Number of protein chains: 2
Amino acid sequence: MKLTSKGRYAVMALVDLARFDSINPVSLRDISLRQGISLDYLEQIFSKLKKNQIVQSIRGTQGGYVLSKKPNEIKLTNIFHAVDEKVKTVQCKKESKKGCNGKATKCSTHNLWDELETHINSFFEKKSLEDLLKNNNDQRI
Amino acid sequence: MKLTSKGRYAVMALVDLARFDSINPVSLRDISLRQGISLDYLEQIFSKLKKNQIVQSIRGTQGGYVLSKKPNEIKLTNIFHAVDEKVKTVQCKKESKKGCNGKATKCSTHNLWDELETHINSFFEKKSLEDLLKNNNDQRI
DNA sequence: ACATACCTGACTAAAATGGTCAAGTATAGA
DNA sequence: TCTATACTTGACCATTTTAGTCAGGTATGT
Ligand code: FES
Ligand code: FES
């Protein structure tokens, strides 16, 4: 099980944004340089963040992005959902009655994976951007 | 983040094994049929489980595999470790002082992912094969 | 007008995944 | 002893996912 770069980058970029957007909108170019993330890739990510009302864009010179909400209102769940970084532990379709093997009942491990998914998601629901800012106050770049 | 089939299959197969091995060694062919997992793939998985002393093999006709330990002594951690289903959340090398971006310090999200990894692993350390058997006593196939 | 920076969609190299295939070896039972 | 069963090993491969790149746009402050 591993976390993909898309999810990691989204959070990294938003932490960066949260730290600097109180002064001016933050351009992706700046984030790209500070965080070492490809500019083109960031654009894809921010397009999704914008669609999900996590950031707002300001076009033109001196433009950039700003958070749409306060850092304590942005949970990791929201971010991950926005960029399609989903936690998937079961093989089967959850809604279906069928098991992952195509049989009529759920397999012997289905409940376990379902518990695991809940366990992981609870972590993402607890953590907000604000929590991350606290941890990094002293680590200004 | 998703769980791979290798990890899922390993657990499914071991639950099957735990349920039936008290009578006779269980052949991979049987597990393959009951669980709907490719026989060739199961062989790869069991080779690793054997190397890690989770199962024992008995060759020849009527042969098969048997658990090496009691179900309550086999944690998910052990199984996952055996088949290289590892939880990886950070991008960087943990031992290194360097960050994922190649910079001198760890990135602003490093601690978060590290916490997440601990959170997930704690789930695997808690759960044993025995826990799974309990849940499925009534679901004999 | 022009530089900046957002916006969009198509494309792609590389890695991981989830297997298959081939050729064995060991052993129980007829 | 022969043979069927079932473990053992290693190479190979198609597909999917990932992590981007590339090539064009469009909007706007100065
Ligand atoms: S994972 Fe849902 S039935 Fe197997
Ligand atoms: S994940 Fe470890 S430094 Fe970024």
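Note that these values count all heavy atoms, side chains included, but never hydrogens, waters or copies made by symmetry. Letters A, B, ... are given to chains in the order of the sequence lines, protein chains preceding strands, and every chain is numbered from 1. Quick caveat: nothing in here was measured; it's all calculated off a predicted structure.
An OP1 or OP2 oxygen of D/dC7 is reached within less than 4.0 angstrom by no side-chain nitrogen or oxygen of B/S27. Contact annotation: A/K50 side-chain N/O to C/dC7 OP1/OP2 distance is under 4.0 Å. OP1 or OP2 of D/dT3 has not a single side-chain nitrogen or oxygen of B/T61 nearer than 4.0 Å.
The hydrophobic clustering, which links ILVMFWY residues whose side-chain heavy atoms are closer than 4.5 Å, places B/V55 and B/L39 together.
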Sort me out a list of protein N/O and nucleotides 16-18 of chain C N/O pairs below 3.5 Å, or just none if empty.
unit_1, atom_1, unit_2, atom_2, d
C/dG18, OP1, B/S5, OG, 3.4
C/dG18, OP2, B/S5, N, 3.0

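Atom CD1 in A/I37 sits roughly 12 Å away from atom C1' in D/dG20 (whole-Å rounding). Distance B/L39 CG to D/dT5 P: 13 Å, rounded to the nearest Å. In this structure, A/D40 atom CG and D/dG25 atom P are separated by 16 Å, rounded to whole Å. For B/K88 and D/dT18, the NZ to P distance is 15 Å, given to the nearest whole Å. Rounded to whole Å, atom P of D/dA6 lies 6 Å from atom CD of B/Q62. Rounded to an integer number of Å, the gap from CG of A/L28 to P of D/dT26 is 19 Å. For A/L42 and D/dA19, the CG to C1' distance is 12 Å, given to the nearest whole Å. Atom CD of A/E43 is separated from atom C1' of D/dA19 by 15 Å (rounded to the nearest Å).
Listed nucleotides: C/dC21, D/dA27, D/dC7. Nearest to the side chain of A/R59: D/dA27.
Taking the nucleotide of DNA chain D with the nearest heavy atom to each of B/G63 and B/K51, the more 5' of the two is matched to B/G63.
Rotation axes derived from the C1' atoms of the five outermost pairs at either end of the helix from C/dA1-D/dT30 to C/dA30-D/dT1 lie 10° apart, to the nearest 10°.
Taking the six-membered ring where the residue is Trp, B/H119 and A/F123 present tilted rings, their angle falling between 30° and 60°.
Checked by atom type and distance alone, the side chain of A/S128 never pairs as donor or acceptor with a backbone atom of A/I74 at under 3.5 Å. When atom types are taken as modelled, the side chain of B/N52 and the backbone of B/I54 share no donor-acceptor pair closer than 3.5 angstrom. Looking only at distances, a side-chain donor or acceptor of B/E85 sits under 3.5 Å from a matching main-chain atom of B/G7.
Within 4.0 Å of B/V26, counting heavy atoms only, lie sugar-phosphate atoms of the nucleic acid but no base atom. Looking at heavy-atom distances under 4.0 Å, B/Y65 makes contact with sugar-phosphate atoms alone, never a base.
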Donor-acceptor pairs under 3.5 Å, side chain of residues 56-67 of chain B to any protein atom, not counting sequence neighbours: which ones?
unit_1, atom_1, unit_2, atom_2, d
B/S57, OG, B/K50, NZ, 3.2

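Atoms NZ and CG, from B/K106 and B/D114 in turn, are 9.0 Å apart once rounded to the nearest 0.5 Å.
Classification of A/K48 and A/E43 as a salt-bridged pair fails, no side-chain N sitting under 4.0 Å from a carboxylate O. Salt-bridge formation is not detected for the pair B/K70/B/E130: no Lys NZ or Arg NE/NH1/NH2 atom is positioned less than 4.0 Å from an Asp or Glu carboxylate oxygen. By the 4.0 Å N-to-carboxylate-O rule, A/K88 lies too far from A/E117 to be salt-bridged with it.
A donor and an acceptor atom never sit less than 3.5 Å apart when one is taken from the side chain of B/Q44 and the other from the base of D/dT8.
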